[in-house]
Amino acid sequence: MYRTHTCGELRITNQGNQVTLSGWIQRIRNFGGMTFIDLRDRYGITQLVFDQEKQPELFEKAKKLGREFVLQIKGIVQERSNKNPNLPTGDIELIVNELNILNKSEVPPFTIEDESDGGDELRMKYRYLDLRRNPVKNNLILRHKMAQEIRKYLDGQEFLEVETPVLIKSTPEGARDFVVPSRMNPGEFYALPQSPQVFKQLLMVSGYDRYFQIVKCFRDEDLRADRQPEFTQIDCEMAFVEQEDILQTFEGLTKHLFRTIKGVELNGEFPRMDYQTAMNRYGSDKPDLRFGMEFVELTELTKGYDFPVFESAEYVGGIVAPNCSEYSRKELDQLTKFVQRPQIGAKGLVYVKYGADGSFKSSVDKFYQPEALAKWAEQMQAKPGDLLLVMAGEKKKTLPQLSELRLHMADQLGLRDKKQFAPLWVVDFPLLEFDDETQRYYAMHHPFTAPKPEDIELLAGNPAAVRANAYDLVINGVEIGGGSVRIFDDRLQQEMFTILGFTHEEAQAQFGFLMNAFKYGAPPHAGVAFGFDRLVSLFAGNDSIRDVIAFPKNNAGRDVMIDAPSPIAIDQLDELELRLK
Ligand code: ASP
């Protein structure tokens with residue numbers, strides 16, 4: 001037997017027991033005639049004692065050990081004189097009477113400590129060592145527990161977990177596909193699923209009226225902190241339901257997870273906000289509601305004062321930064337620089353300091369007298385001592401820019417507390433999005449999303465105005481999930497494809513199977529998918545989803561540990577009948 005106990009298990013009640021432990025060396029400390037070694041496994045750390053006087057041979061042997069060696073230890077549990085209240089095993093230690101070196105280790109390239117000295121890339125390259133560290137390990141344990149609770153909850157609601165294929169054909173989630181050449185069908189390719197969307201809809205046609213799957217999805221997109229080329233969704237679909245059923249069911253799942261995993265009760269119904277309101281108030285379809293700072297439009301109020309920027313602007317609006325009227329020149333310059341960063345792309349920022357004494361001082365004093373600025377302040381419900389930050393321009397561009405500023409200010413003011421959770425359903429998304437570059441409409445969610453019945457008549461004449469029965473769950477400004485009520489009528493689906501610019505033949509070639517299926521008794525259905533990595537990372541209080549994925553890829557989409565992607569042999573290419581350009 002390699003072990004009788006784990007390294008996190010022994011307590012004072014085990015005093016006097018002869019036990020066997022196996023694990024890795026976390027730390028070695030030498031004090032003259034005594035050597036202390038912390039032995040670590042997944043469950044914890046136990047202190048080992050080697051006493052020169054009592055066991056000179058073992059003491060000598062222990063001298064040759066190094067960090068991360070794998071040991072098997074036999075010994076007797078004894079009470080520690082120097083207890084460590086921070087460690088569950090901190091009351092005891094092991095007087096070693098047998099030491100077996102199961103394996104040696106090279107000196108690890110970074111310290112296996114909670115705060116490691118290794119940089120991101122180094123830790124990714126040696127991910128198997130990084131995974132030994134508590135913060136990463138705890139994230140994976142959290143992830144596991146969440147997956148179990150998700151299954152428990154959904155199983156309790158009669159959902160069936162069904163696996164869907166990975167080698168498929170393009171799915172329309174709006175990203176680029178990863179493709180896999182087919183050896184048996186030269187010149188042809190599979191696409192990896194951007195989501196199991198079409199399969200879950202087909203399962204509804206098959207009568208499996210509640211489906212879920214914790215499933216890998218693949219999207220070839222530019223990467224960010226909350227994106228990986230392969231990521232995991234909690235993918236769900238239900239038949240004979242309306243939007244309301246989905247919102248209730250998945251609000252239930254969310255509350256269940258918060259309750260069982262975090263011990264947090266999310267009381268009451270999650271607030272709901274329609275897309276247009278979210279955009280107008282927060283400039284984002286995933287507003288962070290942990291704090292206010294809503295936008296106030298000033299377009300009308302600012303016209304007629306000969307300030308050319310505002311005169312010509314389609315939209316003028318601002319936010320109130322509470323108690324910030326004392327911001328220095330430098331701080332204000334930094335805010336302007338922030339919004340002018342290329343990723344945000346604003347031209348500039350106007351500020352108004354509403355002094356605690358009721359005075360007004362602004363960057364547009366030349367154009368606006370204090371009386372005019374007082375009207376802005378009134379409109380914005382600002383109080384003396386506040387700072388007004390105003391931006392202007394084309395509405396479509398200015399709202400998201402102001403949103404960035406709002407989040408930035410909240411960060412500066414410490415208003416985004418990771419222990420606070422503000423869930424929100426954003427509903428009534430537009431069905432379609434017009435792309436100026438290609439001059440055509442795209443489905444905002446995906447082409448299977450149903451328009452609101454009352455908006456269907458607008459489809460022909462004014463498609464941009466059509467709202468969808470589509471919804472997103474947002475928590476703390478993070479899009480946790482999204483879904484929609486589906487079209488289940490083959491003619492409406494065909495019309496949708498036409499609006500999206502598919503010819504009849506193209507639609508048939510790509511989605512003929514789905515429209516055919518719809519001819520055989522498709523039930524009304526709807527669904528949703530949650531980003532599992534994002535949800536875990538929100539629960540863990542991390543900013544990046546990488547930290548909750550066992551083997552993630554870096555920002556260039558590389559797995560630096562196994563070195564993928566990598567070139568393949570000419571033979572392999574030949575077999576696939578492929579030649580590199
Ligand atoms: N397939 C969708 C997505 O991945 C979710 C859904 O509509 O159920 O965003």
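Whatever order the structure lists ligands and atoms in, that order sets their numbers, starting from 1.
Atom CZ of Arg151 is separated from atom CD1 of Ile214 by 4.0 Å, given to the nearest 0.5 angstrom. A distance of 11.5 Å separates CZ in Phe212 from CD in Gln157, rounded to the nearest 0.5 Å.
Of the protein's heavy atoms, Glu173 OE1, 3.4 Å lies nearest to atom 3 (C) of ligand 1. With respect to atom 5 (C) of ligand 1, the closest heavy atom belonging to the protein is Gly482 O, 3.5 Å.
If you number the atoms of ligand 1 from 1 as listed, the ones under 4.0 Å from a heavy atom of Ala529 come out as 5 (C), 8 (O). Within ligand 1, the atoms closer than 4.0 Å to a non-hydrogen atom of Val528 are 8 (O), numbered from 1 in the order shown. Numbered from 1 in the order shown, with element, the atoms of ligand 1 that lie under 4.0 Å from a heavy atom of Arg486 read 6 (C), 7 (O), 8 (O). Short contacts between ligand 1 and Gly483, defined as distances under 4.0 Å to a heavy atom of the residue, involve ligand atoms 6 (C), 7 (O).
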Side chain to side chain donor-acceptor pair (under 3.5 Å) between Tyr315 and Glu394: does it pass, once the steps are laid out?
CA-CA 6 Å; Tyr315 174 89; Glu394 198 188 328; over 6 Å; no
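For atom 8 (O) of ligand 1, the nearest non-hydrogen atom from the set His445, Lys200, His446, Glu479 belongs to Lys200.
Between Tyr275 and Phe429, the ring planes are tilted. Angles from 30° to 60° get that label.
Contact annotation: for Thr449 versus ligand 1, there are no heavy atoms closer than 4.0 Å. Under 4.0 Å from ligand 1, the heavy atoms of Ser195 that appear belong solely to its side chain.
Remark: ligand 1 and Arg219 share an N or O pair separated by less than 3.5 Å (distance only, no angle test). Remark: ligand 1 and Gln233 share an N or O pair separated by less than 3.5 Å (distance only, no angle test). Close N/O approach between Glu237 and ligand 1 is not found [any backbone or side-chain N/O within under 3.5 Å].
Looking only at distances, no side-chain donor or acceptor of Gln233 sits under 3.5 Å from a matching main-chain atom of Gln213. Between the side chain of Lys216 and the main chain of Pro193, no donor-acceptor pair closer than 3.5 Å is present. Between the side chain of Arg219 and the main chain of Gln194, a donor-acceptor pair closer than 3.5 Å is present.
Taking both residues in full, the closest heavy atoms of Leu402 and Leu389 are given as CD1-O, 4.4 Å, listed atom of the first, atom of the second, then distance.
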